[in-house]
Novice: 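The structure under discussion is supplied below as structure tokens; questions concerning it will follow.
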Amino acid sequence: MSIAEIKNKERVINELMSFIRKVLVEPEICETALKIAREHLNDENAATVIADELSSTTNIKIPVEHSEADRLFLEVLIDVIKDEKALY
């Protein structure tokens, strides 16, 4: 693994840690994110729609150009909602 790859992984981890801190400080973000994901799960470009609404309604700011950490978060969020729906 090259130094650039290692640095990129460190950046992603740091970005995800920052996000987790926000959620722990403001736990309502979690419920808001899940609600938004439920509403837009089946939309075309669901991840983008979810990211845009999260950015406009919470202090989580996901830029138009999603980073690797942003994509991972959105993927996990969508997977949680899919798992939730599979249980019903």
Side-chain angles (χ1 to χ4, degrees):
M1 188 178 295
S2 73
I3 292 175
E5 290 172 324
I6 292 170
K7 290 290 185 188
N8 186 49
K9 296 294 181 195
E10 286 177 2
R11 184 188 53 72
V12 170
I13 290 168
N14 289 336
E15 191 175 333
L16 285 171
M17 286 178 59
S18 174
F19 170 76
I20 292 167
R21 277 189 202 100
K22 285 180 183 181
V23 170
L24 291 173
V25 171
E26 297 181 49
E28 65 275 3
I29 290 172
C30 183
E31 189 53 40
T32 301
L34 291 169
K35 178 179 174 251
I36 291 168
R38 281 184 202 104
E39 292 173 3
H40 298 291
L41 179 64
N42 296 316
D43 290 3
E44 188 174 327
N45 299 316
T48 301
V49 174
I50 292 167
D52 291 347
E53 189 167 335
L54 266 173
S55 294
S56 68
T57 59
T58 69
N59 73 351
I60 301 299
K61 304 303 176 204
I62 302 174
V64 173
E65 198 64 39
H66 298 165
S67 69
E68 186 176 348
D70 296 330
R71 286 189 296 276
L72 285 171
F73 164 68
L74 292 166
E75 182 180 319
V76 168
L77 183 60
I78 290 169
D79 283 348
V80 166
I81 298 304
K82 285 180 178 177
D83 289 348
E84 177 184 272
K85 288 185 178 286
L87 293 174
Y88 295 110

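Only this structure's heavy atoms are used, side chains among them; waters, hydrogens and symmetry mates stay out.
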Novice: Hey, could you give me each pair passing salt bridge (Lys or Arg N to Asp or Glu O under 4.0 Å) that has a residue in residues 45-73? Not counting sequence neighbours.
Specialist: K9-E68
Novice: If I compare all heavy atoms of L41 with all of A46, which pair ends up nearest, and what's the gap?
Specialist: O-CB, 3.5 Å
Novice: Could you note down all residue pairs passing ring pair (Phe, Tyr, Trp, His ring centres under 6.0 Å) where residues 30-60 supplies at least one of them, sequence neighbours left out?
Specialist: none
Novice: Which ILVMFWY residues can you reach from L16 by hopping between side chains whose heavy atoms are under 4.5 Å apart?
Specialist: V12, L72
Novice: With side chain to side chain donor-acceptor pair (under 3.5 Å) as the criterion, how do N8 and R11 come out once you've worked through the C-alpha distance, each side chain's angles and the decisive distance to 0.1 Å?
Specialist: CA-CA 5 Å; N8 186 49; R11 184 188 53 72; 2.5 Å; yes
Novice: Show the nearest heavy-atom pair for residues K22 and I60, with the distance to one decimal.
Specialist: CD-CD1, 3.6 Å
Novice: Report the distance from atom CD1 of I78 to atom CG of N42, rounding to the nearest 0.5 Å.
Specialist: 10.0 Å
Novice: Are V76 and I36 grouped together when hydrophobic residues (ILVMFWY) are joined by side-chain heavy atoms under 4.5 angstrom apart?
Specialist: yes
Novice: For residues V49 and L54: do they belong to one hydrophobic cluster (side chain heavy atoms under 4.5 Å, members Ile, Leu, Val, Met, Phe, Trp, Tyr)?
Specialist: no
Novice: Can you tell me how far apart CD (E84) and CG (D79) are? Round to the nearest 0.5 Å.
Specialist: 12.5 Å
Novice: Within the side chain of S55, is there an N or O that forms a donor-acceptor pair under 3.5 Å with the backbone of I62?
Specialist: yes
Novice: Just by modelled atom types, is the E28 backbone N or O under 3.5 Å from a matching donor or acceptor in the T32 side chain?
Specialist: yes
Novice: Of all heavy-atom pairs between L74 and A51, which one has the smallest distance, and what is that distance?
Specialist: CD1-CB, 3.9 Å
Novice: I20: which residues meet the side-chain contact (heavy atoms from CB on, under 4.5 Å) condition with it, sequence neighbours left out?
Specialist: L24
Novice: Passes salt bridge (Lys or Arg N to Asp or Glu O under 4.0 Å), K35 versus E39? Steps please.
Specialist: CA-CA 6 Å; K35 178 179 174 251; E39 292 173 3; 3.5 Å; yes
Novice: Dump the intermediate steps for side-chain contact (heavy atoms from CB on, under 4.5 Å) on L34 and C30, then the final yes or no.
Specialist: CA-CA 6 Å; L34 291 169; C30 183; 4.1 Å; yes
Novice: Distance from I81 atom CD1 to I50 atom CD1, nearest 0.5 Å?
Specialist: 8.0 Å
Novice: Can you sort out the partners of E44 under salt bridge (charged side-chain N to carboxylate O under 4.0 Å, His left out), two or more places apart, ordered by chain and number?
Specialist: none
Novice: Looking at NZ of K82 and CD of E75, how far apart are the two atoms once the value is rounded to the nearest 0.5 Å?
Specialist: 9.0 Å
Novice: Should side-chain heavy atoms under 4.5 Å link Ile, Leu, Val, Met, Phe, Trp and Tyr, which residues sit in the same cluster as M1?
Specialist: I6
